Number of protein chains: 2
Amino acid sequence: MSSPPRSLDETELGAYFALIEASSLLKHAVEEQLREAGDLSYVQFQLLATLGDSPTGSRRMTDLADGVVYSRSGLTYQAQTLEKRGLVERTQSSDDERGITVTVTAEGRAVLADVFPGHVAILDELLFAPLSRSDVEALADILSRARDHMRQNPPRSAKPRRRRKAAAGTGRERT
Amino acid sequence: MSSPPRSLDETELGAYFALIEASSLLKHAVEEQLREAGDLSYVQFQLLATLGDSPTGSRRMTDLADGVVYSRSGLTYQAQTLEKRGLVERTQSSDDERGITVTVTAEGRAVLADVFPGHVAILDELLFAPLSRSDVEALADILSRARDHMRQNPPRSAKPRRRRKAAAGTGRERT
DNA sequence: CGTAGTTGCTTCGAATCCGAAGCACATTGT
DNA sequence: ACAATGTGCTTCGGATTCGAAGCAACTACG
């Protein structure tokens with residue numbers, strides 16, 4: 001509310017840049033592996049993996065969107081793409097007439113299994129190779145906290161679908 | 001070459017997911033702020049910031065591409081976009097007839113200055129708020145090492161421009 | 001000098017992504 | 001039951017992305 005604008009020191013800048021760069025590089029590498037091994041985009045892999053993780057192999061769209069950092073529309077797009085390939089199925093939720101339940105198919109699991117070893121290998125080579133055990137532990141701990149914090153504090157996005165009237169008048173709008 | 005395929009333990013998975021999620025969330029948040037504050041995409045901001053960092057305010061395209069994790073074509077696109085808005089200028093390198101030197105304009109610097117405080121604020125709120133000083137230091141240290149390692153080891157991308165002959169016949173291409 | 005291979009950047013086509021708007025079902029209050 | 005509001009997902013339009021192919025300028029080497 002009142003924290004004065006301050007600049008970042010060198011360490012903070014370093015952490016920020018390293019975070020962005022490292023994740024970008026890793027993501028690019030993984031994306032390439034996924035494309036070659038199973039013709040999957042990163043999101044598609046994330047979706048399949050999330051579904052495979054579930055005991056029933058299925059989730060609702062919204063839960064998926066929560067798990068992956070993705071826009072709803074992007075999720076719809078990828079779910080449709082995966083469905084066309086027969087890697088997932090989409091069925092109406094029995095509970096909620098407008099809810100869609102996405103389920104990974106046998107073929108989806110097969111593709112997942114096909115891709116996974118290479119995926120792990122990339123992570124080993126690129127991310128974990130230069131890190132010690134305690135590095136990995138520290139990374140997991142620190143970044144988990146950061147992630148949880150960010151999930152709780154949607155910065156100014158995730159608006160309630162339409163700034164509820166004028167309650168959001170933070171004086172931020174332009175023009 | 002011979003490391004047997006192994007699975008990742010819980011900590012490693014945690015570190016990996018936390019890295020991807022945290023960076024995604026942060027990037028999304030920052031992107032939104034940049035769009036609202038200065039109508040810049042993340043890459044555009046990175047480019048301007050990189051240029052602003054340089055003493056002369058200019059760099060060659062290739063050096064820019066190295067600094068940012070980006071495809072060449074994407075860089076060309078964004079440089080053109082920024083040029084149309086008058087935030088950068090592109091001139092032929094005197095040295096190399098085919099080299100392009102990109103220079104940030106006064107207006108580009110203005111936009112940068114306009115956007116920067118909000119940018120820092122977001123980082124403070126979302127990334128640094130839940131972290132201690134030593135967390136930040138550890139993060140900077142660990143991720144810098146990871147990043148440097150990845151930069152040195154292009155996984156299988158960054159091919160010498162055309163897989164030298166048929167050396168890459170892994171039998172993976174589909175039809 | 002001339003030819004071959006490299007390197008810097010752009011163009012091209014297609015895929016992917018997002019936010020805003022829209023539609024349909026659900027829930028709540030009266 | 002009805003209206004008002006909230007929620008789940010999709011559609012739409014446009015922006016951004018990438019890899020592959022292409023063009024032009026450099027470099028090496030005979």
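Computed from a predicted structure; not experimentally measured.
Nucleic acid contact for Tyr70(B): sugar-phosphate only, since backbone atoms but no base atoms lie under 4.0 Å from a heavy atom of the residue. Within 4.0 Å of Thr76(B), counting heavy atoms only, lies at least one base atom of the nucleic acid. Counting any heavy atom pair closer than 4.0 Å across all strands shown, Ser73(A) reaches a base atom.
For dC9(C), neither phosphate oxygen OP1 nor OP2 lies less than 4.0 angstrom from any side-chain nitrogen or oxygen of Gln80(B). Taking side-chain N and O atoms only, Thr62(B) has a distance below 4.0 Å to OP1 or OP2 of dC9(C).
Taking the six-membered ring where the residue is Trp, the centroids of Tyr16(A) and His119(B) are separated by under 6.0 Å.
Side-chain to base pairing of Arg72(B) with dT10(C): no donor and acceptor N or O lie closer than 3.5 Å to each other.
The interatomic distance linking Glu31(B) (CD) with dG19(C) (C1') rounds to 12 Å, in whole Å. In this entry the distance linking OH of Tyr77(A) with C1' of dT10(D) reads 15 Å, nearest Å. dT16(D) atom P lies 16 Å from atom NE2 of His28(A), rounded to whole Å. When rounded to the nearest whole Å, the span between OH of Tyr42(A) and C1' of dT17(D) equals 17 Å. In this structure, Met61(A) places its CE atom 8 Å from C1' of dT10(D), rounding to the nearest Å. Atom CZ of Arg60(B) and atom C1' of dC9(C) are 10 Å apart (whole Å). Across the protein-nucleic acid pair, Arg98(A) atom CZ and dT7(D) atom P stand 9 Å apart, rounded to whole Å.
Look at Arg133(A) and Asp9(B) and you find a salt bridge, because one of the NZ, NE, NH1 or NH2 atoms lies within 4.0 Å of a carboxylate O, short of that distance. Residues Arg60(A) and Asp96(A) are not paired through a salt bridge, judged by the lack of any N-O separation under 4.0 Å between the basic side chain and the carboxylate.
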Quiz item: After noting the C-alpha distance and the side-chain angles of Asp53(B) and Thr50(B), does the key distance pass the side-chain hydrogen bond (donor to acceptor under 3.5 Å, both in side chains) rule?
Solution: CA-CA 5 Å; Asp53(B) 219 30; Thr50(B) 303; over 6 Å; no
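Within the model, atoms CZ of Arg147(A) and CZ of Phe17(B) stand 10.0 Å from one another, a figure rounded to the nearest 0.5 Å.
Projected onto DNA chain C by closest heavy-atom contact, Thr81(A) and Gly99(B) fall at different nucleotides, the more 5' of which corresponds to Gly99(B).
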